[in-house]
Amino acid sequence: MKDEKKAPKLRFKGFTDDWEERKLGELMDITSVKRIHQSDWTDNGIRFLRARDIVSAAKGEEPSDYLYISEEKYEEYSKVSGKVQIGDLLVTGVGTIGVPMLVVHKDPLYFKDGNIIWFKNKSNIDGNFFYYSFIGMKIQKYIRDVAGIGTVGTYTIDNGKKTPISLPNNEEQQKIGSFFKQLDNTIALHQRKLDLLKEQKKGYLQKMFPKNGAKVPELRFAGFADDWEERKLGNELTLLKDGTHGTHQNVLEGPLLLSAKNIKNGKIIIDEITDRKISVEEYNSIHKKFSLEKGDVLLTIVGSIGETAIIENPIGITFQRSVAYLRPSHTILSQFLFTTINGQKFQMELRKRQVVSAQPGIYLEDLSIIPILIPSVAEQQKIGSFFKKIDDTIALHQHKLDLLKEQKKGFLQKMFV
């Protein structure tokens, strides 16, 4: 039988020793805390964590609400359970299981017993190394394996004690932990830049389109003073229809038959391997009646309503009826229409008109009568180009962020045993 690998594929220079396989219960106490009842929650005091708060923190999100317990109750209960220390790990045991939170500050905190498992590390393992080991494939696979099949998964204290971990010496632990911490800091920095750009875009959308009852926007390009005109969407289009209906025979090779799920964040997302394909004959038959053109604006109208994109290359693709095709007339430009649809006002109009049956949907007749405000074509051009630049910048930052996350994923696979 081949020996199990005892060193990672990728290491820092100077480290050659095998890693040691241990169980976490051999290295530290693994426990929970004395139970706090809901009646003991307060509006201020010592922070009280639930499993979902740790999940929110792992996503970089704020919790839906903050809970606390009194300092008196904290001191009383901590005499029984002990106090969380820097370097300890708190891990979710219910719901979304196996999500770790590293304790990195001295601020006192308490948590919900049974929902969160407490690994009393006491610096036995470098804190950052411990945290990134926990989000690595080996430990996460173990957690999935012990969680149970066909039930609500749970990760228990007993399972925590049996959790395997591979350990190098302290110096290598620190190197690896520091490397991933710096990588996460870079990811967080790019995420903040991306969030800021999206907030800036949101602000411009509010200021550069007229508010309810107004005929002009708050913010305009120089040289434009005329009122915007209210029209019905259908009157500004040369074509408004949905995609193909009925069943289609799936083939291994051929043009793509896409759906609403392929339109996200202003882009058409295509996966040549998993997306459905139809025969050339069927594609040609569909396109005898109608074919997509460059500049057509797509709008999802079934399921996830309101996602939109502009067709750049229509060759070899068609859409199911979950997507509407909007072809602008000479009075409205594609990029301006795309930006209008993404605005809060138009999205609210879509929500008002959606019908819920098996899944949310909107009829073309209801779509066609949505009111829109349009300026001159020259002003549309300015506005469309402005938001196109913002969207391109957002897409660039999103690409960088996605690349960093993929790099982190790759390093986690290669730098841990």
Side-chain angles (χ1 to χ4, degrees), residues 61-62 192-238 240 263-267 295-301 304-310 324-356 360-395 397-398:
E61 300 171 354
E62 292 292 320
R192 285 194 294 272
K193 287 180 179 179
L194 181 62
D195 292 342
L196 180 60
L197 279 167
K198 288 180 177 178
E199 281 301 309
Q200 288 176 334
K201 178 186 175 183
K202 186 178 177 181
Y204 281 127
L205 281 169
Q206 292 173 350
K207 291 183 178 181
M208 294 179 70
F209 283 78
K211 290 181 169 60
N212 289 337
K215 293 292 182 69
V216 295
E218 180 183 338
L219 186 63
R220 298 181 89 170
F221 289 100
F224 298 103
D226 294 342
D227 286 354
W228 290 31
E229 295 185 22
E230 184 174 295
R231 313 271 181 82
K232 291 180 179 178
L233 175 66
N235 294 340
E236 304 309 304
L237 305 173
T238 60
L240 173 59
I263 300 175
K264 195 166 184 64
N265 297 325
K267 304 290 182 185
D296 285 350
V297 178
L298 305 175
L299 174 66
T300 59
I301 56 171
S304 178
I305 296 173
E307 294 282 352
T308 188
I310 300 175
Y325 309 136
L326 287 66
R327 184 166 298 160
S329 68
H330 66 280
T331 60
I332 188 167
L333 302 177
S334 295
Q335 191 64 49
F336 179 82
L337 176 58
F338 170 82
T339 305
T340 297
I341 291 173
N342 279 298
Q344 185 180 25
K345 188 174 179 180
F346 194 95
Q347 291 290 320
M348 286 178 63
E349 291 287 346
L350 286 175
R351 286 195 291 273
K352 277 169 30 181
R353 289 167 167 79
Q354 76 177 32
V355 177
V356 179
I362 185 166
Y363 294 116
L364 293 182
E365 293 81 0
D366 293 331
L367 181 62
S368 69
I369 60 173
I370 290 179
I372 59 171
L373 285 163
I374 59 173
S376 66
V377 170
E379 191 170 3
Q380 288 181 44
Q381 177 70 50
K382 286 273 190 181
I383 293 169
S385 296
F386 176 79
F387 281 100
K388 178 72 164 58
K389 287 179 182 176
I390 292 179
D391 284 341
D392 288 346
T393 305
I394 288 173
H397 278 77
Q398 185 67 63

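Because the structure is predicted, anything quoted here is derived from the model rather than measured.
By the 30° and 60° cut-offs, the orientation of the rings of Phe221 relative to Phe386 is perpendicular.
When side chains are defined from C-beta on, Asp296 counts as touching Arg327, because their heavy atoms get closer than 4.5 Å. Contact of the Ile390 side chain with the Gln200 side chain is not registered, since no non-hydrogen atoms from C-beta on lie closer than 4.5 Å. For the pair Leu367/Arg353, no side-chain contact is recorded, criterion being any heavy-atom separation below 4.5 Å from C-beta on. The shortest distance between side-chain heavy atoms of Tyr325 and Leu298 falls below 4.5 Å. Side-chain contact between Leu373 and Phe209 is absent, with no heavy atoms from C-beta onward closer than 4.5 Å. Residues Val377 and Thr331 are not in side-chain contact: their nearest non-hydrogen atoms beyond the backbone lie 4.5 Å or more apart.
Looking at Ser368, its side chain never comes within 3.5 Å of a backbone N or O of Gly234 through a donor-acceptor pair. Between the side chain of Glu236 and the main chain of Ser329, no donor-acceptor pair closer than 3.5 Å is present.
Here Asn212 contributes atom CG and Met348 contributes atom CE; the two are 7.0 Å apart, rounded to the nearest 0.5 Å. Rounded to the nearest 0.5 angstrom, Leu233 CG and Leu337 CG are separated by 6.5 Å. The distance from the CD atom of Glu307 to the CD atom of Gln347 is 8.0 Å, given to the nearest 0.5 Å. Once rounded to the nearest 0.5 Å, the distance linking CD1 of Ile372 with CD of Glu230 reads 9.5 Å. Atom CZ of Arg220 sits about 7.5 Å away from atom CD1 of Ile383, to the nearest 0.5 Å. Atom-to-atom distance recorded for Leu326:CG and Ile301:CD1 is 9.0 Å, nearest 0.5 angstrom.
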* Asked: For Phe387 and Leu205, what are the C-alpha separation, side-chain angles and deciding distance, and is it a side-chain contact (heavy atoms from CB on, under 4.5 Å)?
  -> CA-CA 9 Å; Phe387 281 100; Leu205 281 169; 3.7 Å; yes
* Decide salt bridge (Lys or Arg N to Asp or Glu O under 4.0 Å) for Glu379 and Lys382; before the verdict, give the C-alpha distance in whole Å, the side-chain angles of both, and the deciding distance to 0.1 Å. => CA-CA 5 Å; Glu379 191 170 3; Lys382 286 273 190 181; over 6 Å; no
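Residue-environment remark: NZ (Lys202) stays at or below the threshold of 12 foreign heavy atoms within 6.0 Å. Counted within 6.0 Å of CD on Gln344, heavy atoms from surrounding residues, nucleotides or ligands total 12 or fewer; the atom is thus considered open. Residue Asp392 places its CG atom among more than 12 non-hydrogen atoms of other residues, nucleotides or ligands, all under 6.0 Å distant.
When every heavy atom of Ile332 is checked against every heavy atom of Gln380, the shortest pair comes out as CA-OE1, 3.2 Å. Contact detail for Gln335 and Ser385: the closest heavy-atom pair is CG-N, 4.5 Å. Between Pro328 and Val297, the shortest heavy-atom contact is CG-CG2, 4.5 Å. Residues Pro360 and Gln354 approach most closely at CB-NE2, 4.0 Å, considering heavy atoms.
Put simply, the residue from Asn342, Asp391, Thr339, Thr393 that forms a side chain to side chain donor-acceptor pair (under 3.5 Å) with Lys201 is Asp391.
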